[in-house]
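Just follow the structure's listing: the first ligand is 1, and inside any ligand the first atom is 1. The model shown is predicted, which means the values in this text are computed figures rather than measured ones.
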Amino acid sequence: MQSEQGAYQLYIDGQWVGNQSGKTFPVYDPSTEEVLADIVEAGAYEVDLAVQAARRAFDSGPWASSTPQSRARILFNLAAKVREQLTPLAEMETRNTGKPIVEGEGDIEAVAEVFEYYAGLATKIPGLVNPVSANALSLSLKEPIGVAGLIVPWNYPLLMAAWKLAPALAAGCTCVLKPAEQTPLTAMMLAQWFEEAGLPPGVVNIVNGFGESCGAPIVEHPLVDKIAFTGSTEVGKSIVKLAANTLKRVTLELGGKSPNIFFADADWEASIDGALFGIFINQGEVCSAGSRILVERSIYSKFVEAMAAKAKTIRLGAPMDRETRMGPVVSKDQYDRVSSYLAIGRGEARLASGGGRAVQFDKGYYIEPTIFYDVDNSARIAREEIFGPVAAVIPFDAEPDAVRIANDTPYGLAAAVWSRDIYKAFRVVKQLRAGIVWVNHMQPTCVEAPWGGYKQSGTGRELGPWGIEEYLETKQVHINLSEKPIGWY
Ligand code: ADP
Ligand code: MG
């Protein structure tokens, strides 16, 4: 997988290959700011090779005649390989993203679960007999969409790739995967085991490169049938526009500004914990981060104080240290972006904890877990996705007020409600315009349950049976049972 120059190559048609331009780009360890590896850069030319390979594998290659059973076995093989290699995969993920190793391990475990889930589901996609009134046997059959372009972000690199690869392969699609340019390494480790797992050449191709020069050509390519994208809302909108030229099927999992709502009757300790976990897990680099913390006014001051006191105890450190609970953010760009919001927040609200660089580290993109309070929901730090360890705490007066503030956002990915009153909690759940709503928890994600957003947080659903539907077409087959001619003319 590495060329003589030491750069990681592209994986196209079952081969590790170089590129036309000879260009490479570095990826970093964000805790040391050192270069971790060089990556061969793909542009439109390499994307075309990858798409052609995927097209051949789908149209005439072994994938065209693969059975659900054979695809299930391959996915189980991949899952087993991921479990066997959990430690090196988790270490690579942690080095490249900066996330704490205990989280990296959890991510890779979840990768194996996703492959296992869709391995099982591959053989359980039945068609239907439609109860038509004609003298006919009417069927609806499920068929793979074709070549799927999978474009993923850097916050959960291999897991986001697995959320797309596993259902796509189970459905019988072939794939061109583009990892985020910051974090391509674990996807390339996985590719090393494709052949051994039984994946024929061309079924999964991996191209590494940048959004405009490598992602956009996948979206534009006429031989790609479907795009599955996870990333920013801004790029999601550009993908929809570009995909319109060829009317590709598009699913999008985009940004959020998710409300985490605390009523006065909620369990106190669980609430403080849940508020912090909701925003600070994975350095806040989570699409469903509970970045707006809505707190009932009667407990508001005490809540802010308790959150701030506990936030100061969050253990920042070297990502590979097992005691570390927060690492650096992923890149210099992200560090600058989050830092700019810290400056904006200081002008818009009051600071309860954090607010700057974690000065105990000479190197690395470390940012203190930051809590702003007395935030107005119209403030930029309450409206714009920061994608870093920055919480905006907003007081509310009563249930309708909480719902109004919670829904007053262009986003609709996730939300959480904390209360001991199940009637109140469920009233709120029903009014929240979000694709995922937790009660007395925030962030647990189960492979069996649908994941996706309302409003500008996306379209389509990943995971569970919903996830595979997004890679399937429905074909109606009408089998005439009457032997008589039509007799119209
Ligand atoms: P971020 O800004 O946090 O990096 P992005 O939404 O830009 O998030 O990136 C998510 C993924 O989308 C990455 O793989 C990135 O390379 C890709 N991407 C970025 N811009 C485009 C684009 N114009 N077309 C297709 N893919 C893109
Ligand atoms: Mg971007």
Worksheet item: Ring centroid separation for Y118 and W163, is it under 6.0 angstrom?
Response: no
Item to complete: May I have the step-by-step check of side chain to side chain donor-acceptor pair (under 3.5 Å) for S31 and K363, ending in yes or no?
Response: CA-CA 7 Å; S31 70; K363 277 273 160 59; over 6 Å; no
Discussion item. For a quick test of reading the model, state the closest non-hydrogen atom pair linking C214 to A42 and the distance between them.
Written reply: CB-O, 3.5 Å
Practice prompt. Pull out every atom of ligand 1 sitting under 4.0 Å from any heavy atom of E212, numbered as shown with elements.
Written response: 23 (N)
Worksheet entry | W154: numbered ligand 1 atoms lying under 4.0 Å from its heavy atoms | 1 (P), 3 (O), 4 (O)
Discussion item. For E448, is the CD atom crowded, meaning more than 12 foreign heavy atoms sit under 6.0 Å from it?
Written reply: yes
Practice prompt. Any atoms of ligand 1 less than 4.0 Å from a non-hydrogen atom of E181? List them with their elements.
Written response: 13 (C), 15 (C), 16 (O)
Worksheet item: Is atom 23 (N) of ligand 1 in close reach of the protein, with a heavy atom under 4.0 Å away?
Response: yes
Item to complete: Return yes if a side-chain donor-acceptor contact under 3.5 Å exists between T233 and Q456, otherwise no.
Response: no
Fill in: Atoms of ligand 1, numbered as shown, that sit under 4.0 Å from any heavy atom of G231
6 (O)
Item to complete: Considering the heavy atoms of V152, write down every atom of ligand 1 situated less than 4.0 Å from one of them.
Response: 11 (C), 13 (C), 14 (O)
Worksheet item: F387 near ligand 1, heavy-atom distance under 4.0 Å?
Response: no
Discussion item. Please tell me if atom 2 (O) of ligand 1 is touched by the protein, where touching means a protein heavy-atom distance below 4.0 Å.
Written reply: no
Practice prompt. Return the orientation label for the Y365 and Y335 ring planes: parallel under 30°, perpendicular over 60°, tilted otherwise.
Written response: tilted
Worksheet entry | R71 and S66: CA distance, side-chain angles, deciding distance, side chain to side chain donor-acceptor pair (under 3.5 Å) verdict | CA-CA 7 Å; R71 299 198 295 269; S66 68; 3.0 Å; yes
Practice prompt. Report yes if the side chains of Q85 and L190 come closer than 4.5 Å at any heavy-atom pair, otherwise no.
Written response: no
Worksheet item: Which residue owns the protein heavy atom closest to atom 12 (O) of ligand 1, what's the atom, and how far is it?
Response: F229 CE1, 3.1 Å
Worksheet, complete the sentence: Candidates I151, V235, T230; heavy atom nearest atom 10 (C) of ligand 1 found on T230
Item to complete: Would you mind checking which non-hydrogen protein atom is closest to atom 26 (N) of ligand 1, with the distance to 0.1 Å?
Response: G215 CA, 3.7 Å
Practice prompt. On the 0 to 90° scale, with breaks at 30° and 60°, tag the W451-W438 ring pair as parallel, tilted or perpendicular.
Written response: tilted
Fill in: Close approach of P179 to ligand 1, heavy atoms, under 4.0 angstrom
yes
Worksheet item: Of S232, A216, G211, which has the heavy atom at the shortest distance from atom 27 (C) of ligand 1?
Response: G211
